[in-house]
S.K.: 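Below: one structure in structure tokens.
Each chain gets a letter, A, B and so on, in the order the sequences are listed, and its residues count up from 1.
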Amino acid sequence: MSDQQPTSTAPPAATTPTGGPRVPDKVSLDGLEDRWDRAWTQAGTYRFDRTATREQVYSIDTPPPTVSGSLHVGHVFSYTHTDVVARYRRMAGREVFYPMGWDDNGLPTERRVQNYFGVRCDPSMPYDAGFTPPQVGGEGKSSKAGDQLPISRRNFIELCERLTVEDEREFESLWRYLGLSVDWDHHYQTISGEARAVAQQAFLRNLARGEAYQAEAPGLWDVTFQTAVAQAELEARDYPGAFHRVAFHPADGDAVPVVIETTRPELLPAVVALIAHPDDERYQALFGTTVRSPLFGVEIPVLAHPAAEPDKGAGIAMCCTFGDLTDVQWWRELQLPTRSVIGRDGRLLRDTPAWLLADAGAAPGAEALWSDLAGTTTFTARTKVVDALRAAGDLDGEPVATQRKANFYEKGDKPLEIVTSRQWYIRNGGREVPGRELRAELLARGEELSFHPDFMRVRYENWVGGLNGDWLVSRQRFFGVPFPVWYPVGEDGEPDHDRPLLPTEDQLPIDPSSDVPAGYTAEQRGRAGGFVGDPDIMDTWATSSLTPQIAGGWRSDPDLFERVFPMDLRPQGQDIIRTWLFSTVVRSHLEHGSLPWSDAAISGWILDPDRKKMSKSKGNVVTPRGLLEEHGSDAVRYWAASARLGTDAAFEIGQMKIGRRLAIKVLNASKFALTFGEGPDSVVLDPALVTDRLDRAMLAGLADVVDRATEALDAYDHTRALELTETFFWTFCDDYLELVKDRAYGAGAAEVGPGTTSARAALGLALHTLLRLFAPVLPFATEEVWSWWQEGSVHRAPWPTAAPLREAAGDADPAVLGAAGAALAALRKVKSEAKVSMRTPILRAVLEVPAAVTDAVAAVAGDVRAAGRVTGALDLVSADGGGDGAGAVVREVELGEAEARVKG
RNA sequence: GGGCGAUUGGCUCAGUGGUAGAGCGCCUCGUUCACACCGAGGAGGUCACUGGUUCGAACCCAGUAUCGCCCACCA
């Protein structure tokens, strides 16, 4: 890319005063991105016509990229796939609804605002209308929570909106440069008032229908972020641990101790039972008896449960509240007591638990030991407990190191604990309720949805089939969409969670930490007889799951919503099928009783040269802007469009260079094809003028390409469509253009004859078609050429059909072009092997061609002779017998002298 | 442990029953009158492996190996 930026803002006039094409002397890709972006904006080329009906509209539920992060090559890759679809559907006659959203509701934005302004969100603070942040642009300075000024949620959201404006401007600029045909009048932010209102309204509807509910239950908890975590946000990781063999002594005597294996000895004070499989013969005698926990001396039962696996560990497990989800299952099904010892900060509780007091029958040393453990992290506590066990003689052998899998919050770096808390849930089929087969309904929606590629459906099915609980939507964070709920506070000062106070839909969005429920005054907040706001915010997916409703105007613009919903396409990555795709299906199914869209296009990963997923941490991220500027947007788009949906693709500069070469070739070949003649009649798109057999054959081949490419695009196979078009285009350039060059120039003729007219008409028809076939992938180069000789934008031109081409082609056989091309190649080969210039004349040649095409080659021999510079006799002989391929072979040849070269 | 993809020339990938394909890279040559961000020609592969079905298998079936990913596995 040159350093020169174009100064012209307007595209060149489409035609000369005489009506012929206006082709620049020098063609170039440089500067096309900026020039055409401006022209498209000015002309409103991609503006959505909201008078279109649902049948006319093609609507796309665009993924909102996370602002405060950065766009990387993977985004360019997958967003290009979507844009190719959008451009094709637009040309195919649909009114495309293609909005862009920004995801500024989530941890990345929260952290960025904290660091940038030196503040943190504290919903208990009052809103300050004249607030000025303590710092601006302090990236990384005040990262410690203690240094950050607490401000109200409303102030925090305002700062977020202020900061993300800049990110969003940059993102938009990149998308425009890439050539995304987005209607920039339709964009949204996930933290905007509108998005918050939609999220709250949808939640209230879920609540009213009984699909949202609160429950106090043990659940996965991240001790770093101190929030509950949903199943969809889990990530299993390898985690170093050790097996400890621990002896439990029977309570009623000095019989042989029961030895269990555990990786979490620090949970020994939380033990509530030992559990083995009911059929396990080793433990039959123990079922129904009790044992005492070592060190703490708490008496616990030995029980049977089928979830215990005889071949794991010692075959008998220590059930604690709570070490893992199996513990939760046992606790629930065997109705065991709750003995929680780990707090929300991941440390052991400060106060001595009641069951460890000597009064409660615990061992005499239990309280002293606890005082040593209290307030320590699980890691410290583990060491202390192991030391104590060893000293007490209840550690059987030494710990054996092992690699185990532990659940982590995908953004966290400590294993999750299980903590009991009150949370909001939305039903998603993970926990069945009588009278509704929600899981089956959602599986049916999965079958109804067209996945591209189809095999991605199994990820949906696996996930829905494997859900083990409802969707936990509340988070104990401060920045985000709050639950629109207050609770009355009783005279005892306790909130009544069973009788929530709700706003009406027209009040939304509300913030219960600053707004007041109807019938109360602000002074009553937190007082007995007053009210409190729900302190939690919604999971980011609780908002993102509503992107069709947010973008489509479900709440604020029902007329628009009716025209775009249910949408046609959800494009997205394969990694968020279980989150974004599934949660969107859930919300739409519950609210609208339909799928949110009919089709889902799943893009693959970008792999770096080591076949690893490209990621920032590996330091191999290339900035998209630099890539686009270096190679040109059409070139990068070509690389992206060359990869099929659902297939991982290599980050390959080489493929971009090929794309650039193709785009340049489009410019140059078009220039060539449009400049054979001069004046208004030089290019006439009239099928009736095409009379030559070679021209007709070429158009017949092109007609097939149009049909097949269209079919491929309808099936979301843009790769195939591109490949078909590209292959034809290179043959068109290398063979057809060479073959008809002389005839199109009208060489040697005083007047424009029918052969010349035929060639020019065929060239025009072919170019008119090829430009449109390439337009979705190469929007800039094709638009540039289109502007030389056509009115309006190629991107609003109708998608080509085969009909006019077939009309021109008649009954011509497409193979004729191939046969002529093969004949030409044979003549070239002779020269190449003789190491002479291609301009060397052939004085005489005998060309052997397959019998099946001898007549065809003879019919177009004039063009073959001209292109091969055959000045004398060209005798054709049929290959007898064998060879039925398209190949041709020169049997005899006499080469002339090369044209005199300019010496110098 | 269950599942989904992938495995084709040095590289990136097409190719779902009928004599192995493309582009890049490589080699040779040419060329500035559309295109040096160029053109022409050429070399290069027992289609991961083992069985099977078939007149015929890169393609269908069974199994194996390797790579990537998803889910489950926390005693």
S.K.: Taking the C1' atom of each, how far is B/C74 from B/C67, in whole Å?
M.R.: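 Approximately 27 Å lies between the C1' atom of B/C74 and that of B/C67.
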S.K.: Rounded to the Å, how far apart are A/Met456 CE and B/G3 C1'?
M.R.: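 Value for this atom pair: 13 Å.
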S.K.: Take the protein atom CZ of A/Phe732 and the nucleotide atom P of B/G39, then report the distance between them rounded to whole Å.
M.R.: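 Checked: the CZ to P distance equals 15 Å.
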S.K.: Roughly how many Å apart are B/A34 and B/C27, using the C1' atom of each and rounding to a whole number?
M.R.: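 Here B/C27 and B/A34 have their C1' atoms 28 Å from each other.
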S.K.: May I ask you to say what A/Arg245 touches in the nucleic acid, namely base, sugar-phosphate or nothing, with a heavy-atom cut-off under 4.0 Å?
M.R.: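 Counting heavy atoms under 4.0 Å across all strands, no contact is made by A/Arg245.
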S.K.: Under 4.0 Å: is that the gap between some side-chain N or O of A/Tyr745 and OP1 or OP2 of B/A34?
M.R.: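 True: A/Tyr745 side-chain N/O within range (under 4.0 Å) of B/A34 OP1/OP2.
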S.K.: In this structure, how many angstroms lie between the P atom of B/A34 and the CG atom of A/Leu737, rounded?
M.R.: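 The distance from CG of A/Leu737 to P of B/A34 comes to 11 Å, rounded to the nearest Å.
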S.K.: So, is A/Arg644 near the phosphate of B/A14, with a side-chain N or O under 4.0 Å from OP1 or OP2?
M.R.: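 It does, given that an N or O in the side chain of A/Arg644 lies less than 4.0 Å from OP1 or OP2 of B/A14.
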S.K.: So, A/Arg828 and A/Asp735, do they make that salt bridge, N to O below 4.0 Å?
M.R.: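 Result for this pair is yes, salt bridge flagged.
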S.K.: Does NZ or CZ of A/Arg578 fall inside the cone over A/Trp463's six-membered ring, less than 6.0 Å from its centre and within 45° of the axis?
M.R.: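 Yes, A/Arg578 and A/Trp463 form such a contact.
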S.K.: With sequence neighbours left out, what residues match A/His768 under side chain to side chain donor-acceptor pair (under 3.5 Å)?
M.R.: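 A/His768 satisfies side chain to side chain donor-acceptor pair (under 3.5 Å) with A/Arg772 once adjacent residues are dropped.
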S.K.: Taking the ring of A/Trp639 and the ring of A/Phe77, is the distance between their centroids below 6.0 Å?
M.R.: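 Here the rings of A/Trp639 and A/Phe77 have centres that are less than 6.0 Å from each other.
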S.K.: Please check the phosphate of B/G15 (OP1 and OP2 only) for any side-chain N or O of A/Arg720 closer than 4.0 Å.
M.R.: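 A/Arg720 to B/G15 OP1/OP2: side-chain N or O found under 4.0 Å.
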S.K.: Quick check, are the ring centers of A/Phe455 and A/Phe451 under 6.0 angstrom apart?
M.R.: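 Centroid distance A/Phe455-A/Phe451: not below 6.0 Å, so no.
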S.K.: Looking at residues at least two apart in the chain, or sitting in another chain, which of them share a side chain to side chain donor-acceptor pair (under 3.5 Å) with A/Asp454?
M.R.: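 Testing A/Asp454 for side chain to side chain donor-acceptor pair (under 3.5 Å), a comparison that skips the adjacent residues, returns A/Arg457.
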S.K.: Provide the distance between the two P atoms, one in B/G68 and one in B/U8, to the nearest whole Å.
M.R.: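 After rounding to an integer number of Å, I get 15 Å for this pair.
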S.K.: According to salt bridge (charged side-chain N to carboxylate O under 4.0 Å, His left out), who are the partners of A/Asp280, at least two apart in sequence or on a separate chain?
M.R.: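 Checked A/Asp280 against salt bridge (charged side-chain N to carboxylate O under 4.0 Å, His left out); matches are A/Arg282.
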S.K.: Which whole-number value in Å describes the distance from A/Met838 CE to B/G30 P?
M.R.: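 Between P of B/G30 and CE of A/Met838: 10 Å.
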S.K.: Quick one: A/Asp25 CG to B/C33 P, roughly how many Å, whole number?
M.R.: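 Rounded to the whole Å, the gap is 13 Å.
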S.K.: What is the distance from CG of A/Leu662 to C1' of B/C38, rounded to the nearest Å?
M.R.: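 It is 15 Å, rounded to the nearest whole Å.
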S.K.: Could you tell me whether A/Trp730 contacts a base, only the sugar-phosphate backbone, or nothing, with contacts defined as non-hydrogen atoms closer than 4.0 Å?
M.R.: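 Since only primed, P, OP1 and OP2 atoms lie under 4.0 Å of A/Trp730, the category is sugar-phosphate.
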S.K.: Starting at the 5' end of RNA chain B and moving along, which residue's nearest nucleotide shows up first, A/Gly646 or A/Ser832?
M.R.: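 The 5'-side residue here is A/Gly646.
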S.K.: How do A/Thr647 and A/Phe455 order along RNA chain B: which one's closest nucleotide is nearer the 5' end?
M.R.: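 Per heavy-atom nearest nucleotide, the more 5' residue is A/Phe455.
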S.K.: Output yes when at least one side-chain N/O atom of A/Lys26 is less than 4.0 Å from OP1 or OP2 of B/A34, else no.
M.R.: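 Checking B/A34 against A/Lys26, no side-chain N or O comes under 4.0 Å of OP1 or OP2.
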S.K.: Kindly give the heavy-atom pair with the smallest separation between A/Leu325 and A/Ile418, and that separation in Å.
M.R.: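 Scanning both residues, the minimum pair turns out to be N-CD1, 3.7 Å.
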S.K.: Of the listed nucleotides (B/A34, B/G41, B/C37), which one gets closest to any side-chain atom of A/Asn668?
M.R.: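 My answer, after comparing the listed nucleotides, is B/A34.
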S.K.: Pairing of RNA chain B as dot-bracket, 5' to 3': ( ) intra-strand, [ ] crossing, | other strand, . unpaired, with Watson-Crick or G-U pairs under 3.5 Å?
M.R.: ((((((((.[[[[.)..(..]]]].((((((....).))))).....[[[[[..)....]]]]])))))))....
S.K.: Between A/Lys665 and B/A34, is there a contact of a side-chain N or O with OP1 or OP2 at under 4.0 Å?
M.R.: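 Looking at the OP1 and OP2 atoms of B/A34, neither is under 4.0 Å from any side-chain N or O of A/Lys665.
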S.K.: Taking OP1 and OP2 of B/C24, is either one under 4.0 Å from a side-chain nitrogen or oxygen of A/Arg661?
M.R.: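 Answer is yes, contact under 4.0 Å.
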S.K.: Round to a whole Å and report the spacing from CD of A/Gln655 to P of B/A14.
M.R.: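 Nearest whole value for this atom pair: 11 Å.
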S.K.: Rounded to the Å, how far apart are A/Leu32 CG and B/C37 C1'?
M.R.: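 Atom CG in A/Leu32 sits about 14 Å away from atom C1' in B/C37.
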S.K.: Compare the minimum distances between each of B/A14, B/A40, B/A34 and the side chain of A/Glu723, then state the nucleotide with the smallest one.
M.R.: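 Among the listed nucleotides, the one closest to the side chain of A/Glu723 is B/A14.
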S.K.: What string of B, S and - do you get for nucleotides 70-75 of chain B, 5' to 3', when a contact is any protein heavy atom under 4.0 Å?
M.R.: -SSBBB
S.K.: If you count every heavy atom of other residues, nucleotides or ligands that lies below 6.0 Å from A/Glu711 atom CD, does the total exceed 12?
M.R.: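 It does not: A/Glu711 CD has 12 such atoms or fewer within range.
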S.K.: Which is it for A/His718 and A/His81 under the ring pair (Phe, Tyr, Trp, His ring centres under 6.0 Å) test, yes or no, and what are the steps along the way?
M.R.: CA-CA 8 Å; A/His718 52 252; A/His81 292 165; 4.8 Å; yes
S.K.: Using atom C1' of each nucleotide, how far apart are B/C59 and B/G25 to the nearest Å?
M.R.: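 Looking at atom C1' only, B/C59 and B/G25 are 28 Å apart.
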S.K.: Between B/A58 and B/C13, how many Å separate the two C1' atoms, rounded to a whole number?
M.R.: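 About 14 Å, rounded to a whole number of Å.
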S.K.: Measuring only the C1' atom in each nucleotide, how far is B/G30 from B/C69? A whole number of Å is fine.
M.R.: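 The answer is 49 Å between these two C1' atoms.
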S.K.: Expressed in whole Å, how much space separates the C1' atoms belonging to B/G23 and B/G15?
M.R.: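 Their C1' atoms lie roughly 15 Å apart.
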S.K.: When the C1' atoms of B/U19 and B/C70 are compared, how many Å lie between them, rounded to an integer?
M.R.: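 Going atom to atom, C1' in each nucleotide, I get 41 Å.
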S.K.: So which atom in A/Gly429 and which in A/Leu442 form the shortest heavy-atom distance, rounded to 0.1 Å?
M.R.: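 Taking every non-hydrogen atom into account, N-CD1, 4.4 Å.
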S.K.: Name all residues meeting the ring pair (Phe, Tyr, Trp, His ring centres under 6.0 Å) criterion together with A/Phe287; count only those two or more places apart in sequence or in a different chain, and write none if there are none.
M.R.: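 Once residues adjacent in sequence are excluded, A/Phe287 has no partner under the ring pair (Phe, Tyr, Trp, His ring centres under 6.0 Å) criterion.
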